[in-house]
Amino acid sequence: MFGLESKDGKLLLLVAALALLAPVILNPFPEGSAMSQFNAGYPDLMQRFVIFGILAIGFNILFGLTGYLSFGHAAFLGVGSYAAIWSMKLVTMNIIPSIIFAVIVAGVFSLVVGYISLRRSGIYFSILTLAFAQMSYSLAYSVLTPITGGETGLQIKSTDTPLLDKALEAGEIGRANLFGYGMGSSYQLELAGWQFTFNLGYYVAAVVMLISFYFAIRIFRSPFGMMLRAVKSNQQRMNYAGLSPKPYTLAAFVISGMYAGLAGGLLVAMDTQVGPERMFWTASGEIVIMVILGGAGTLLGPVLGAGFIKYFENIISKINESILQGWFAFLPDGLQDFMVAVVYPFIGKGWHLTLGIMFMLVVIFLPGGLIQGGQKIDSWLRRKKNVVAKDSTTKPAE
């Protein structure tokens, strides 16, 4: 299917099915129930799942295949976002040209950064990319204020007059659209106690993510992907064979940067505002954690890692003390207060602590990431099934 082997084709279909049914799968609990706090099937969060999944997929092409660890990929995310917002301000509010422009600008910028940074390897490469990211953040925050909006960032204003769009009325604010259909357009389905939201913006981002995932599979299975693995395995042997690793690593760096630009363009398409904080070094660190947590070098792992972190950031962080009081209301007063005091540091503003502990556990016990955990569970179930099947066979009478 689409030039993929059977196993890869099934994986693509699985991801497509999960993306299509996400509004239902991510809302397992009825509205108004005590557990509805853990529902994640609302448009803004689902969009972030797939957009940061694209970002992690692109970063995995560089880090997972070549082993080059970049701490500056947030710069390409930010550059792509700024390119997209200016495309909307000057050309059209249609998201397709803005996304294409974001990918192109991020690709050119990553070519320049990669050409310089890849003159070094190892920790020196990582430091160089971090330096470029921080310089980009500083430029966006203060020096290039007329272009980036400085600390307050950029957003669509009523005074903006895109070349290909009709003039806005006084006080009207332009909205990102896909041939006239707004990204906020949604259809709500109420079924018993459940409420499912099907959002146009989410499905646009999901389709782009599926296309990105497909190209990532093709890269992984191509001769180019094999050369990237050779770079990670032993560059000295490549040199002895007469092959220079630099063109391959630069190509991987640019492709990864274009994925980041694509994610930045989609972020603007869903929410038409951009700030310099998107380029800060902590954002680059979050991308690294996504890939390692999910499973570097795997196809599905980065998407899982991105979803895992964004879930904690948006769901666990919203649990407050009053919600905990409701959860433990069945306990005696003294024990209720004790349980709230024990759990409270790990939720709300302390969600980083919970995520940090889980990240440590994954790194210690599952160095291959969440994908390795899934593989271990699958292996255990297969062994158990084989044992049951073996015990159920009848032995012939002697």
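As a basis for the values below, the full set of heavy atoms in this structure was taken, side chains included, without hydrogen atoms, waters or symmetry mates. All residue numbers in this chain count up from 1 along the given sequence. Just so it is clear, the model here is predicted, and its values are computed rather than measured.
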Test log, rule side chain to side chain contact (heavy atoms under 4.5 Å, CB included), inputs Phe220 and Leu228: CA-CA 9 Å; Phe220 268 65; Leu228 296 182; over 6 Å; no
Stepwise salt bridge (Lys or Arg N to Asp or Glu O under 4.0 Å) check, Glu286 with Lys310: CA-CA 10 Å; Glu286 188 177 72; Lys310 287 303 167 183; 3.3 Å; yes
Verdict with supporting geometry, Gln273 and Asp271, side-chain hydrogen bond (donor to acceptor under 3.5 Å, both in side chains): CA-CA 6 Å; Gln273 57 182 359; Asp271 184 10; 3.3 Å; yes
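Classification of the Tyr203-Phe198 ring pair by plane angle, with boundaries at 30° and 60°, yields parallel. Taking the six-membered ring for Trp and thresholds of 30 and 60 degrees, Phe76 and His73 have ring planes more than 60 degrees apart, a perpendicular arrangement.
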Side-chain donor-acceptor pairs of residues 318-326 under 3.5 Å, sequence neighbours excluded:
from, atom 1, to, atom 2, distance (Å)
Asn320, OD1, Ser322, N, 3.3
Asn320, OD1, Ser322, OG, 2.6
Asn320, OD1, Ile323, N, 3.0
Gln325, OE1, Gln336, NE2, 2.9

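Other cluster members for Trp380: Ile377, Leu381, joined by side-chain heavy-atom distances under 4.5 Å among Ile, Leu, Val, Met, Phe, Trp and Tyr. Ile364 belongs to a hydrophobic cluster with Phe346, Leu353, Ile357, Leu361, Phe365, counting contacts under 4.5 Å between side-chain heavy atoms of Ile, Leu, Val, Met, Phe, Trp and Tyr, direct or through other members.
Residues forming a ring pair (Phe, Tyr, Trp, His ring centres under 6.0 Å) with Phe49 (at least two apart in sequence, or on another chain): none. Taking Phe280 as the reference, Tyr137 meet the ring pair (Phe, Tyr, Trp, His ring centres under 6.0 Å) condition, with sequence neighbours excluded. Scored by the ring pair (Phe, Tyr, Trp, His ring centres under 6.0 Å) test, Trp327 finds Phe38 as partners (sequence neighbours excluded).
When the side chains of ILVMFWY residues are joined at heavy-atom separations under 4.5 Å, either directly or via intervening members, Leu243 and Phe253 end up in a single hydrophobic cluster. In this structure, Met360 is not a member of the same hydrophobic cluster as Leu293, with clusters built from ILVMFWY side-chain heavy atoms closer than 4.5 Å. Following chains of ILVMFWY side-chain contacts shorter than 4.5 Å, one can reach Phe196 starting from Met35, so the two form part of one hydrophobic cluster.
Residues Tyr68 and Phe59 place their aromatic rings such that the two centres sit no closer than 6.0 Å.
The side-chain heavy atoms of Met290 and Val303, taken from C-beta on, include no pair separated by under 4.5 Å.
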